[in-house]
Amino acid sequence: MDVGLSVHFARANIAAWQVCRWMLECSRATANTTERVASRPRVGKTVAASLGWSESHAATRIEFARQVLERLPRLGEAMRVGLLEERKASSIVDLVADLDDAQARAVVDEVLDQAPALGYAELRRLVGRVAMAVDPEWAERRRAAAVARRRVALRSAPSGAAELCGLDLPENPAQDAHDRIVALAHAVLHRLKRAGIAGVSVGVVESEVMLTLTGPAGAGMYDLDVVRHVTAVLGGPAAGDGPDEPGPDDGPDDGPDDGPHDGPHDGPHDGPHDGPHDGPSDDPPGDDLPGDDGPDDAEPGGTDDDAARGAGDEPAAHPVVTFRPRTVVRLELGALLGDRSPGELPERGPITHRAALAMAWARTHTRWRIRLYDQDGDLEHVLSIHPPVTGSPPIGGRRRAHVVELTAATADLDALAAEYTDTRVRAGLTPDPGAHTVGLLRRAARALARERARPAHEHPARHRDEAANRFPSTRLRDWVQARDHTCRAPGCAVDAVGADVDHTLPVVAGGQTVADDLGVLCRRDHLLKGDPESGWTLRQPRPGHFEWTSPTGRAVEKTPHRYRPLPGPVARTGPRARIPEHRPRPWPPGRPRPNRHGQVTDAAVDTAWHLATRADRTAYAGDDPPF
């Protein structure tokens with residue numbers, strides 16, 4: 001059955017390629033001749049008349065056919081042999097539309113071999129990141145133009161309900177805003193659960209928290225005031241009168257759909273007792289620069305009275321919530337030293353080089369993790385370091401569970417540490433990247449030296465001393481999360497940090513807490529794996545290789561993440577060599593402005609009329625009317 005599905009899927013891809021060829025030929029053909037006209041006006045009219053489409057839709061489809069058959073022929077070839085479906089090819093075409101031909105082909109060459117196995121969202125993130133790498137200047141200007149037109153939109157949904165959203169927002173404050181909404185929502189869910197109120201979804205709670213924070217009801221509220229208010233709205237006044245202090249089960253990783261921690265769902269979870277900042281650091285205190293503070297200095301309860309109150313205020317009566325554990329940003333180690341490679345927001349998408357750097361250096365009170373790979377792209381070492389602190393800690397230690405990840409080849413770290421020494425920088429032999437960057441490289445080099453000095457059997461991939469433990473140590477968990485990168489279930493790309501570190505063979509069935517039996521699963525797939533009625537089974541024949549067997553009997557393997565450095569920039573050539581500057585243009589009064597799609601709306605016409613006549617209306621202010 002699975003084989004038949006795959007065969008028909010390949011045939012559908014081939015048929016889509018054939019339709020593209022017919023559309024392109026039909027749009028250029030001339031009756032009773034073999035002549036082909038490449039620049040015919042209103043090119044979509046012929047295809048639209050043949051297929052019953054609108055002219056604009058036909059023109060769009062013809063342009064897609066031209067892209068995959070002529071501009072990006074490798075995409076068309078992948079469709080022709082049945083490997084790539086039309087929807088994935090269309091995603092790639094859309095994301096490289098602003099690049100010139102050489103750059104677009106470089107992106108396709110980089111991602112095409114991975115595209116058939118990736119989900120749509122994961123593919124779009126990969127293509128976007130590679131596109132930013134081949135043309136960093138275009139990426140920076142596109143972001144600047146988007147942020148310049150940021151806005152809040154309120155519109156009616158098709159159901160008649162309302163949609164309130166912020167568009168084109170700066171990444172860092174938008175991430176913090178979302179993190180705060182999620183953290184407060186989970187605090188509300190725990191109160192509802194303690195009160196015995198079930199059936200309230202996460203989405204409902206998060207939306208109510210957002211409306212409270214942005215509406216008049218939340219004016220002047222502390223975090224726990226918001227939690228009480230939303231709990232009372234959803235569960236009644238009695239539910240909102242719970243204890244102020246979070247209970248032992250109120251960790252950031254729990255939710256209303258928590259499975260049991262033992263039995264079939266036996267994965268250790270990243271709760272507050274087992275957060276990414278626990279355990280000894282790879283930098284001993286004596287190695288830190290003077291005045292450095294690490295994330296382990298935060299209070300366990302997430303309360304910082306001095307930071308949680310304003311100047312001259314009394315100490316805050318209510319502690320703040322802590323953001324849930326996650327990888328906040330991932331970037332190349334070379335990006336700290338002038339390499340313009342983009343960063344990545346796990347599960348969200350790529351961000352430009354400057355935005356990634358700013359977000360990383362804004363989180364120097366959290367833990368930084370460096371993943372080092374060998375020449376074959378396999379994970380070799382995972383280093384946990386405290387970077388030199390570049391600013392005051394965030395309010396209440398909210399971000400203490402966040403992780404900043406750097407990736408590099410081990411040989412690259414050795415070369416960078418040898419090049420960017422204090423002596424070479426002071427002598428002017430190496431460009432000065434800044435004291436913080438040099439300090440980070442020095443700490444990373446010391447951590448790598450300590451890892452190499454350990455006996456071979458103490459490497460996390462081979463360590464057996466924790467086999468009888470119920471939960472892994474921080475060092476072992478870091479290794480498993482870095483090795484697996486994302487949830488190990490087919491078709492799932494949930495980031496490893498904050499997900500469940502699960503025993504492939506349950507502890508009750510003889511499973512051990514070693515790298516060979518641990519893997520990362522998101523909560524949904526963790527519960528699916530432990531549900532005997534699902535029909536899915538999982539085994540780990542080799543470390544990091546997860547073999548899922550579906551209810552139909554088909555085996556699907558998910559292999560360890562391999563490191564692939566991003567390509568370097570590709571120079572623009574041809575007519576697209578110039579990138580327009582995104583600057584606000586002066587607009588003459590009285591002339592309606594088009595929107596970002598180039599359309600002049602009725603509202604714009606009305607606004608222009610009012611602006612043009614405002615001078616006439618105000619010229620007689622305070623005088624008698626001119627009649």
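Basis for what follows: all heavy atoms, side chains included, without hydrogens, waters or symmetry-related copies.
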Q. Would Arg562 and Asp378 count as a salt bridge (charged side-chain N to carboxylate O under 4.0 Å, His left out) if you check the C-alpha gap in whole Å, the side-chain angles of each, and the deciding distance to 0.1 Å?
A. CA-CA 6 Å; Arg562 285 182 176 271; Asp378 295 322; 2.8 Å; yes
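- Counting heavy atoms from C-beta outward, Leu167 and Arg150 have side chains that stay 4.5 Å or more apart.
- Every side-chain contact (heavy atoms from CB on, under 4.5 Å) that Pro541 has, sequence neighbours left out, goes to Arg539, Glu547.
- The neighbour count for Arg36 CZ, taken as heavy atoms of other residues, nucleotides or ligands under 6.0 Å away, is above 12.
- Under a cut-off of 6.0 angstrom, the local environment of CZ in Arg348 is crowded, with over 12 non-hydrogen atoms contributed by other residues, nucleotides or ligands.
- Side-chain contact of His485 with Arg371: a donor-acceptor pair under 3.5 Å is present, judged by distance alone.
- A donor-acceptor pair is defined here as one N or O able to donate and one able to accept, closer than 3.5 Å; no such pair exists between the side chain of Arg572 and the backbone of Trp138.
- Under the 3.5 Å distance criterion, the side-chain polar atoms of His459 are matched with a main-chain donor or acceptor of Glu380.
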Q: Assess whether side chain to side chain contact (heavy atoms under 4.5 Å, CB included) is satisfied between Leu448 and Asp414, documenting all intermediate values.
A: CA-CA 9 Å; Leu448 178 58; Asp414 289 333; 3.4 Å; yes
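- Inter-residue side-chain proximity for Arg129 and Met132 is flagged as unmet; no heavy-atom pair is nearer than 4.5 Å.
- We find that Arg363 and Asp176 are joined by a salt bridge, their nearest charged nitrogen and carboxylate oxygen being less than 4.0 Å apart.
- Within the 3.5 Å criterion, the main-chain N or O of Asp339 finds a donor-acceptor partner in the side chain of His353.
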Q.
Checking Arg155 against Cys165 for the side chain to side chain contact (heavy atoms under 4.5 Å, CB included) test, could you report, in this order, the C-alpha distance in whole Å, the side-chain angles of both residues, the deciding distance, and whether it holds?
A. CA-CA 9 Å; Arg155 54 181 178 243; Cys165 52; 3.8 Å; yes
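- Side-chain contact annotation: Arg40 with Thr30, donor-acceptor N/O pair under 3.5 Å present.
- Nearest heavy atom pair, residue Gly519 against residue Arg483, reads CA-NH2, 4.0 Å.
- For the atom pair CG of Leu51 and OG1 of Thr46, the computed distance is 10.5 Å after rounding to the nearest 0.5 Å.
- No side-chain donor from either of Tyr563 and Gln375 sits under 3.5 Å from a side-chain acceptor of the other.
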Q. Given Glu122 and Arg125, is the salt bridge (charged side-chain N to carboxylate O under 4.0 Å, His left out) satisfied, shown in steps?
A. CA-CA 5 Å; Glu122 196 174 2; Arg125 290 194 290 267; 5.4 Å; no
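- Side chains of Arg369 and Gln481: a donor on one and an acceptor on the other come within 3.5 Å.
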**Q.** salt bridge (charged side-chain N to carboxylate O under 4.0 Å, His left out) between Arg42 and Glu55, worked out
**A.** CA-CA 8 Å; Arg42 299 184 64 178; Glu55 185 177 349; 2.7 Å; yes
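- Within the model, atoms CD of Glu451 and CD1 of Ile370 stand 11.5 Å from one another, a figure rounded to the nearest 0.5 Å.
- The backbone N or O of Asp495 sits less than 3.5 Å from a side-chain atom of Glu347, completing a donor-acceptor pair.
- To the nearest 0.5 Å, the span separating CE on Met23 from CG on Leu69 amounts to 9.0 Å.
- In this structure Phe64 satisfies the ring pair (Phe, Tyr, Trp, His ring centres under 6.0 Å) test with no other residue, sequence neighbours excluded.
- Side chain to side chain, Arg399 and Thr366 fail the donor-acceptor criterion of an N or O pair below 3.5 Å.
- Under a cut-off of 6.0 angstrom, the local environment of CZ in Arg542 is sparse, with at most 12 non-hydrogen atoms contributed by other residues, nucleotides or ligands.
- Checked for salt-bridge contact, Arg66 and Glu63 meet the test: a charged N lies under 4.0 Å from a carboxylate O.
- Between the side chain of Asp100 and the backbone N or O of Gln103, at least one donor-acceptor pair lies under 3.5 Å.
- Residue Arg330 holds its CZ atom at 11.5 Å from CD1 of Ile351, rounded to the nearest 0.5 Å.
- In this structure the side chain of Pro567 reaches within 4.5 angstrom of the side chain of Glu110, judged on heavy atoms.
- Using a cutoff of 4.0 Å between basic side-chain nitrogens and carboxylate oxygens, Glu137 and Arg142 are not scored as salt-bridged.
- In this structure, the side chains of Val134 and Leu99 come closer than 4.5 Å at one or more pairs of heavy atoms.
- Within the 3.5 Å criterion, the main-chain N or O of Thr486 finds no donor-acceptor partner in the side chain of Asp484.
- Counting heavy atoms from C-beta on, the side chains of Leu112 and Leu75 come closer than 4.5 Å.
- No donor-acceptor pair closer than 3.5 Å links the side chain of Glu140 to the backbone N or O of Ala144.
- Nearest heavy-atom pair, Leu566 versus Val130, reported as atom, atom and distance to 0.1 Å: CD2-CG2, 4.2 Å.
- Across all non-hydrogen atoms, the minimal contact from Thr352 to Ala139 is CG2-O, 3.5 Å.
- A salt bridge between Asp179 and Arg326 is present, with a side-chain N of the basic residue lying under 4.0 Å from a carboxylate O of the acidic one.
- No side-chain heavy atom of His545 sits less than 4.5 Å from a side-chain heavy atom of Lys558.
- Across every non-hydrogen atom of Leu521 and Cys487, the tightest pair is CA-SG, 3.8 Å.
- Counting heavy atoms from C-beta on, the side chains of Arg354 and Pro342 never come closer than 4.5 Å.
- Aromatic ring pairs are classed by plane angle as parallel below 30°, tilted from 30° to 60° and perpendicular above 60°; the pair His436 and Trp361 is tilted.
- Ring geometry, Trp536 versus Trp548: the interplanar angle exceeds 60°, so the pair is classed perpendicular (tilted spans 30 to 60°).
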Q: Kindly determine whether Val96 and Leu72 satisfy side chain to side chain contact (heavy atoms under 4.5 Å, CB included), including the steps that lead there.
A: CA-CA 10 Å; Val96 301; Leu72 306 171; 4.0 Å; yes
(Q) Assess the residue pair Leu413 and Leu383 against the criterion (side chain to side chain contact (heavy atoms under 4.5 Å, CB included)); give the C-alpha distance rounded to whole Å, side-chain angles, the decisive distance to 0.1 Å, and a yes or no. (A) CA-CA 12 Å; Leu413 175 58; Leu383 312 179; 4.2 Å; yes
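- Side-chain atoms of Lys45 never come within 3.5 Å of backbone atoms of Ala58 as a donor-acceptor pair (strictly under, hydrogens ignored).
- Under the 4.5 Å side-chain criterion, counting only non-hydrogen atoms from C-beta, Val329 is not in contact with Glu405.
- Looking only at distances, a side-chain donor or acceptor of Asn13 sits under 3.5 Å from a matching main-chain atom of Gly82.
- With Arg28 contributing its side chain and Glu35 its backbone, the two residues share no donor-acceptor pair below 3.5 Å.
- Closest of all the heavy-atom pairs between Leu518 and Phe546 is O-CZ, 3.7 Å.
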Q: Carefully, step by step, assess Thr559 and Arg488 under the rule side-chain hydrogen bond (donor to acceptor under 3.5 Å, both in side chains).
A: CA-CA 8 Å; Thr559 58; Arg488 294 292 85 192; 5.9 Å; no
**Q.** Criterion salt bridge (charged side-chain N to carboxylate O under 4.0 Å, His left out) on Glu86 and Arg61, from CA distance to verdict
**A.** CA-CA 11 Å; Glu86 183 179 346; Arg61 299 287 298 151; 2.4 Å; yes
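- For the residue pair Ser54 and Ala48, the shortest heavy atom distance occurs at O-CB, 3.7 Å.
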